[in-house]
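Here it is, the structure in full.
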Amino acid sequence: MSVEYNDLQTDSEEIEMKMWIPQPSSRLPCALIILCASLFFIIIVLIILFRTPGEKPADRTTEFKIGNLSESMALKVGQLSQEGTKIAEKLQQMDTNLKTIQTDTSIGQLQRDMQRVLSAIGRLSNRINKLDNSSDEITCPDGWRKNQLSCYFYSSDGKPWEDAKKICETKSAHLVVINSEEEQNFIFGITTGKYTWIGLTDVSGEWKWVDGTRYESTPQYWLPGQPDEYFGHGLGGGEDCAHLHSNGRWNDDHCSRRYWYLCEKNM
């Protein structure tokens, strides 16, 4: 009896121990399934919480940015349109002012031209009176050549343009001013192909005759391609003085060149 009892007790204890120890063959797969299901559920929840809601605000933010950009561009276009209108008004005002200035300049120039014409008429009247009162013909000083109502003095050596201008002024004359084709041909006959200064300069930025005659009102006999304001002569600056070329045409050159010169004065 004791042996059997002990055996039974031992068997009972073994049975109880087996009941407390989990059996891997039945519970492990269940645990793995539950764990996978939990992870899958958690992943789905995370996707729902973080991905899907996050896309909508991002889309809304892009829409807001595009809307703000459109409003900003529309505002800038409006500002540019207003500024363009103001600039157009200012240009119109400048054009009006320029036309007014040109009109005033034209009137002033016309008045000066009229004064020169009246002076010429006065001198012509005095000469006619002298011819009426005397049988002697009006002549030019010694060394001067007569053409029409002017006398011309041709130099015997070369001078820079400014020196030539001053020498003519000491003779109560000025560097020659060419007013007609007839005078151009007469002067070419005097100079006989020599480089000769004439009374034309653009040292002030525009071509002017030394006696105030309008450059635009006289014929012009420039060489082809001239004046060209050439700077490659190595003398500094451009070419601001006009002279007769060997063929009688005009050329601009550096004013320091030593050319012959022709003085002119009224009879």
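Values below: every heavy atom of this structure, side chains too, minus hydrogens, waters and symmetry copies.
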Just so I know, are the side chains of Asp202 and Glu229 near enough to count as touching, which here means a heavy-atom distance under 4.5 Å?
yes
Please state whether the rings of Tyr259 and Trp197 are parallel, tilted or perpendicular, taking 30° and 60° as the class boundaries.
tilted
With ring centroids as reference points, do Trp222 and Trp207 lie under 6.0 angstrom apart?
yes
Please round to the nearest 0.5 Å and tell me the distance separating atom CG of Leu223 and atom CG of Leu244.
10.0 Å
Give, for atom CD of Gln226 and atom NE2 of His245, the distance between the pair rounded to the nearest 0.5 Å.
8.0 Å
Between Ser155 and Trp260 (side chain of the first, backbone of the second, donor and acceptor by atom type, cut-off under 3.5 Å), is there such a pair?
no
Just verifying a value: how many Å separate Cys241 SG and Asn251 CG, rounded to the nearest 0.5 Å?
11.5 Å
Mind checking whether Trp250 and Trp209 have parallel, tilted or perpendicular rings, split at 30° and 60°?
perpendicular
Can you say whether the rings of Phe231 and His233 are parallel (under 30°), tilted (30 to 60°) or perpendicular (over 60°)?
parallel
Which pairs count as salt bridge (charged side-chain N to carboxylate O under 4.0 Å, His left out) when at least one residue sits in residues 232-254, sequence neighbours excluded?
Asp253-Arg257
Donor-acceptor pair between Thr201 and Trp161 side chains, under 3.5 angstrom
no
If Ile, Leu, Val, Met, Phe, Trp and Tyr residues are connected whenever their side-chain heavy atoms lie under 4.5 Å apart, and connections chain through other members, are Tyr261 and Phe188 in the same group?
no
Euclidean distance, Glu169 CD relative to His174 NE2, rounded to 0.5 Å
10.0 Å
Would a single hydrophobic cluster contain both Tyr152 and Val210, if residues Ile, Leu, Val, Met, Phe, Trp and Tyr are joined by side-chain heavy-atom contacts under 4.5 Å?
yes
Any link between Tyr154 and Tyr195 through a network of hydrophobic side chains (Ile, Leu, Val, Met, Phe, Trp, Tyr) touching at under 4.5 Å?
yes
His254 side-chain N/O to Gly237 backbone N/O, donor-acceptor pair under 3.5 Å
no
Where is the tightest heavy-atom contact between Ala164 and Leu175, given as atom of each residue plus distance?
CB-CD2, 4.1 Å
Do Val177 and Phe186 share a hydrophobic cluster (ILVMFWY, side-chain heavy atoms under 4.5 Å, transitive)?
yes
Tell me if the NZ atom of Lys194 is crowded by more than 12 foreign heavy atoms within 6.0 Å.
yes
Nearest atoms (heavy-atom pairs only) where Lys146 meets Cys140
CB-SG, 3.5 Å
Indicate whether any N or O donor in one side chain lies under 3.5 Å from an N or O acceptor in the other, for Tyr221 and Glu181.
no
Using modelled atom types only, decide if a donor and an acceptor are shared between the side chain of Gln184 and the backbone of Gly248 within a distance under 3.5 Å.
yes
Does the side chain of Arg258 come within less than 4.5 Å of Pro160's, by heavy atoms?
yes
Rounded to the nearest 0.5 Å, what separation is found between the OG atom of Ser150 and the NZ atom of Lys265?
11.0 Å
Establish whether Leu262 and Phe153 are linked, either directly or via other cluster members, by ILVMFWY side-chain heavy-atom contacts under 4.5 Å.
no
Please round to the nearest 0.5 Å and tell me the distance separating atom CD1 of Ile167 and atom CD of Glu162.
11.0 Å
